[in-house]
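To start, the structure itself, in structure tokens.
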Amino acid sequence: MAKYIFVTGGVTSSLGKGIISASLAKLLQARGFSVTIQKFDPYINVDPGTLNPYEHGECYVTEDGAETDLDLGHYERFLNIPTTQANNVTTGKIYQTVINKEREGAYLGKTVQVIPHITDEIKRRMQLLGAQGYDIVITEIGGTVGDIESLPFIEAVRQLQWELPDEDCLVVHLTLIPYLRAAKELKTKPTQHSVKLMSENGVNPDIIVCRTEHPLSPEIRRKIALFCNVKQEAVIEAADASTIYEVPLTMMREQLDVICLRKMGLPLGHEPELSAWKAFLDKLKYPKAKVSIGLIGKYIELQDAYKSILEAFVHAGAVNECKVEVVNIHSEFITPDNVDEKLAPLDGLLVAPGFGLRGIEGKITAVRYAREQGLPFFGICLGMQMAAIEFSRNVLGLKGAHSTEMDPNTPYPVIDLMEGQKEITEKGGTMRLGAYDCDTAPGSLVRSIYQHARISERHRHRWEFNNVYLSDMEQAGMLASGRNPETGLVEVIELPKHPFFIGVQFHPELKSTVENPHPLFVHFIAAARAHAENPSSDRKSS
Ligand code: GLN
């Protein structure tokens, strides 16, 4: 039987429920338990695949092709195990299932209602992963307690607590203890209110995790314990950390894992085995060198839009013992006139994934600079497509070459829709999604990086490299060094004469974890470091 830990949030959003959930899961995993984390989101979109990054940050894609919340990225990066379709559920998914069942006549003439039908479906989904053999399932409930849309989820937690044996369910409530500078005081009232709201809904948190900018004094802890009806040791301080990867260690010092295990009646297991994690943190905190990487995108004012890429840089930086300073450069403002000035100070260039026309010419201009100047280049998805377009226009001389996504009437559609995509009109879940195999070419850079003939990476795109142009490109010096073994689709392109120029149709950033930093990012940062140490030697244009 699996045990269930629910993580709820109070007072405000953005307190870092995902990081707290992932840190707790890490500690339990490091004690020898099998743990997974799932996220329940109260919005009505069936999944975040159709959401604009401005609304919701990055859309994270699982191995089995689910478009999910970016917190699942944190879960994978911390736990180093893949998540699946089942790890992210939204109100939209719940209602879709219930409404489909109603249309099938499965409710036998009953009135279909929020309670019990919606809450039953939530409870069924909450226990799906538990039935797969995990010792502990952590469920993060999105949103903030008190939101109207969160109510059915809190009600489902209440029912589960009532239905399952006492020790099988635990509620951890994450809250904010604000500091009033004028009064020089930490304030517990918002926490008291949010816990009160929870108990009005029939759920009493077992553990209160307090986000705070200042240490919690014993009196404050006692006060929170008293008013929130928990033992004092169950008031956990979550002080601001310099990096999210520090949080498992702060939670270990606060004994969050020990308190959870005791309350669930589980043995403590061995002390958390975190030597690899600590070694990573040491390298992260004490870098020996620094590289500047230009991140060229159109959502650069928004940290969450490229979350997995930024985290993959953190992992790869630690391996290379160098700090990766990411310089956000808005593609809309790159022009042939200012590209030198903007990109010359950099040691590497990453052209980001994306959709639509905005900022496209700036991306192409940036790729040209990197190709001609020998600046390490890494293009991901749209970034790879831009590299193919740049090469077609400026090396093959195909004026007006483009992707039919941006220019449906281009004379040279070097990036085009496959037949299978042309008929599709529905937007949700219809891209090429999830893991696909790719064969790497012998002797290529990508083969030497992966050290494997066959690799598998995750996808999220509609358009593809158009093989009609492949032989011309290869003759002109671009190598298609990764191909899908079944379809022949080009997954990786590279320029063998360039110090480091790789474009990938897939999303390697989704598979980079603390314990398995992604080799493409590791080698890209190594190339950037070499460039930083000796920039002039790279300047051989290809
Ligand atoms: N817009 C491009 C496509 O759909 C690239 C998508 C991406 O970068 N994820 O093919």
Side-chain angles (χ1 to χ4, degrees), residues 47-63 65-68 70 73 295-300 302 304-310 312 331-332 349-364 366-367 377-390 392 401-408 410 413-436 438 457-467 469 482 484 487 489-493 502-512 518 520:
D47 62 44
T50 52
L51 284 171
N52 186 323
Y54 283 111
E55 291 276 318
H56 199 261
E58 166 188 279
C59 174
Y60 188 80
V61 180
T62 58
E63 285 289 296
E67 296 181 282
T68 72
L70 56 77
L295 174 63
I296 316 284
K298 66 172 176 178
Y299 304 113
I300 49 118
L302 191 78
D304 278 356
Y306 304 115
K307 195 82 208 161
S308 294
I309 290 177
L310 296 177
S331 48
E332 258 188 306
L349 197 67
L350 188 143
V351 177
F355 296 83
L357 187 59
R358 189 163 69 96
I360 283 296
E361 290 304 320
K363 286 188 173 172
I364 296 172
V367 179
F377 169 83
F378 190 9
I380 297 184
C381 208
L382 184 71
M384 172 268 204
Q385 298 177 352
M386 292 308 111
I389 292 167
E390 190 280 322
S392 314
H402 221 315
S403 162
T404 52
E405 177 182 4
M406 290 83 193
D407 180 2
T410 168
V414 290
I415 304 293
D416 200 3
L417 276 185
M418 293 292 94
E419 281 308 315
Q421 277 285 345
K422 286 187 180 156
E423 312 304 317
I424 294 175
T425 51
E426 268 198 27
K427 291 280 180 273
T430 56
M431 285 188 248
R432 175 144 84 106
L433 289 167
Y436 284 86
C438 166
E457 291 282 3
R458 299 183 201 169
H459 291 247
R460 182 176 188 249
H461 56 101
R462 243 179 253 289
W463 275 264
E464 306 281 356
F465 185 99
N466 184 349
N467 283 345
Y469 298 92
N484 181 300
T487 57
L489 286 172
V490 173
E491 311 282 36
V492 188
I493 56 176
I502 288 193
V504 293
Q505 184 60 82
F506 45 75
H507 288 268
E509 72 275 20
L510 303 175
K511 280 176 72 168
S512 187
H518 198 287
L520 281 173

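Values below: every heavy atom of this structure, side chains too, minus hydrogens, waters and symmetry copies. Each ligand, and each atom within it, is numbered from 1 in the order the structure gives.
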* Asked: Of Phe465, Trp463, Phe355, which has the heavy atom at the shortest distance from atom 10 (O) of ligand 1?
  -> Trp463
* **Rounded distance [0.5 Å steps], CD1 in Ile380 versus CG in Leu510** => 8.5 Å
* Rounded to the nearest 0.5 Å, how far apart are OG of Ser331 and CE of Met386? ->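 Those atoms lie 10.0 Å apart.
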* Centres of the Tyr436 and Phe506 rings: under 6.0 Å? -> no
* With backbone taken as N, CA, C and O and side chain as the heavy atoms from C-beta onward, which portion of Met431 lies under 4.0 Å from ligand 1: side chain, backbone, both, or neither? ->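 It is neither part, as no heavy atom is under 4.0 Å.
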* Could you tell me whether Arg462 approaches ligand 1 through its side chain, its backbone, both or neither, with non-hydrogen atoms closer than 4.0 Å? => both
* In the protein, what heavy atom is nearest to atom 6 (C) of ligand 1, and what distance, to one decimal place, separates them? ->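 Here the nearest protein heavy atom works out to Gly354 O, 3.4 Å.
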Quick one: which ligand 1 atoms are inside 4.0 Å of a heavy atom on [X]?
X: Arg460; answer: 6 (C), 7 (C), 9 (N)
X: Cys381; answer: 5 (C), 6 (C), 7 (C), 8 (O), 9 (N)
X: Glu405; answer: 1 (N), 2 (C), 3 (C)

* To do: Using modelled atom types only, decide if a donor and an acceptor are shared between the side chain of Ser512 and the backbone of Glu509 within a distance under 3.5 Å.
  => no
* To do: Report yes if Gln385 has an N/O atom closer than 3.5 Å to an N/O atom of ligand 1; otherwise report no.
  =>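 It does: an N or O of Gln385 is found under 3.5 Å from an N or O of ligand 1.
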* Arg458 and Glu63, any side-chain heavy atoms less than 4.5 Å apart -> yes
* Going by heavy atoms in the side chains, are Phe377 and Ile502 under 4.5 Å from each other? ->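 Phe377 vs Ile502: side chains apart.
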* Quick one: does His507 get a heavy atom under 4.0 Å from ligand 1? ->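 Yes; His507 lies near enough to ligand 1 that a heavy-atom distance drops under 4.0 Å.
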* Taking atom types as modelled and ignoring hydrogens, do the side chains of Thr430 and Arg462 form a donor-acceptor contact shorter than 3.5 angstrom? -> yes
